[in-house]
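We use all heavy atoms of the structure for the numbers below, so side chains are in, but hydrogens, waters and symmetry mates are not. Because the structure is predicted, anything quoted here is derived from the model rather than measured.
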Amino acid sequence: QVISQGLFSNGLKEGLHLGFFTDGRKESEINYKNGKKNGHAIWYRTDTTATDPKTIVKHFEGEFIDDIQTGHWIYYQIKGQKGNEGEYLDNKMTGLWTWYFEDGSIWKTAYYKNGEKNGPYSINYDNGNLFYKGVFVNNKEEGYWERFHENGKPEISGCFHKGLMDSTWKAWFDNGIPRYEINYKN
């Protein structure tokens, strides 16, 4: 049974290498240069929702330079549709990352710098309404944040400072009637 296939040069992987599951289905397609992942790479998994148990779908794919994740990466959901995607720089998430619901609509967005959340952050309900939004600085909540009921009305809002609740926070029932107001001091 073949579990991998590809060329070697001076004992190092070179060019396209294919990996296989024990039943012979393709598991991966990875490009190498001088024994290191370079270029596009794809991993596959079994589609557990398919009627044919041998059906494979993409699991994730992206780019490498000298074994380091770089450029655009896509991670897929069970049925093969996009789950999330974004950029890597030196093996760390960077820039805008987007996560998706099964129907392809946006579930969540976040900005990253050096692998940490830095910038606007939002989460949506599956009906498209906004659930949560705010800003991260150095992987901690900062400034004004809001959370909403599924009907779109405000649920809670207030400020964070270095990841801790700060100043006045207000909350409302889903009919818009005030629920409570509390003050935080750091």
Query raised in the report: Which class fits the ring pair Trp97 and Tyr112: parallel under 30°, tilted 30 to 60°, perpendicular over 60°?
Result: perpendicular
Requested in this report: Please collect all side-chain hydrogen bond (donor to acceptor under 3.5 Å, both in side chains) contacts where either partner lies in residues 50-60, sequence neighbours excluded, each pair once.
Outcome: Arg45-His59, Lys58-Glu61
Report summary line: With sequence neighbours left out, the residues meeting salt bridge (charged side-chain N to carboxylate O under 4.0 Å, His left out) with Arg179 are none
Requested in this report: May I ask you to decide if Lys92's main-chain N or O and Asp90's side chain share a donor-acceptor pair within less than 3.5 Å?
Outcome: no
Report summary line: d(His40 NE2, Ile30 CD1) to nearest 0.5 Å is 11.0 Å
Query - Aromatic ring pairing Tyr121/Phe136, orientation class (parallel under 30°, perpendicular over 60°, tilted between) - result: perpendicular
Query raised in the report: Between Ser122 and Leu130, is any pair of side-chain heavy atoms under 4.5 Å apart?
Result: yes
Report task. Could you pull out all residues at least two apart from Glu85 that satisfy side-chain hydrogen bond (donor to acceptor under 3.5 Å, both in side chains)? Result -> His72, Lys82, Tyr100
Query raised in the report: Which value, rounded to the nearest 0.5 Å, describes the distance between Asn129 atom CG and Ile123 atom CD1?
Result: 14.0 Å
Query raised in the report: Is the side chain of Asn151 donor-acceptor paired with the backbone N or O of Lys153 at a distance under 3.5 Å, no angle test?
Result: yes
Query - Results of side-chain hydrogen bond (donor to acceptor under 3.5 Å, both in side chains) for Tyr144 - residues two or more places apart only - result: Ser157
Requested in this report: Calculate, to the nearest 0.5 Å, the distance between atoms CD and CG belonging to Glu14 and Asn34 respectively.
Outcome: 5.5 Å
Report task. Mind running salt bridge (charged side-chain N to carboxylate O under 4.0 Å, His left out) on Arg25 and Asp23 for me, showing each step along the way? Result -> CA-CA 6 Å; Arg25 293 173 302 137; Asp23 63 5; 2.7 Å; yes
Query - N/O donor-acceptor pair under 3.5 Å between Asn31 side chain and Asn38 backbone - result: no
Requested in this report: Check whether any side-chain N or O of Asn127 sits under 3.5 Å from a backbone N or O of Glu150 as a donor-acceptor pair, and report yes or no.
Outcome: yes
Query raised in the report: To the nearest 0.5 Å, how far apart are CG in Asp103 and CD in Gln81?
Result: 9.0 Å
Requested in this report: Measure the spacing between CD1 of Ile106 and OG1 of Thr98 and express it to the nearest 0.5 Å.
Outcome: 5.5 Å
List the atom pairs, with distances to 0.1 Å, where a side-chain N or O of residues 162-174 and a protein N or O form a donor-acceptor pair under 3.5 Å, not counting sequence neighbours.
from: Thr168; atom 1: OG1; to: Asn183; atom 2: OD1; distance (Å): 2.4
from: Trp169; atom 1: NE1; to: Cys159; atom 2: O; distance (Å): 2.9
from: Trp169; atom 1: NE1; to: Asp166; atom 2: O; distance (Å): 3.4

Report summary line: Residue pairs passing the ring pair (Phe, Tyr, Trp, His ring centres under 6.0 Å) test with at least one member in residues 19-39, sequence neighbours excluded, are His17-Tyr32
Query - Approximate separation, where rounding is to 0.5 Å, of Met93 CE and Asn114 CG - result: 12.5 Å
Query - Backbone of Tyr125 reached by a side-chain donor or acceptor of Trp107 within 3.5 Å - result: no
Query - Note, Gln69 side chain near Phe64 side chain (heavy atom, < 4.5 Å) - result: yes
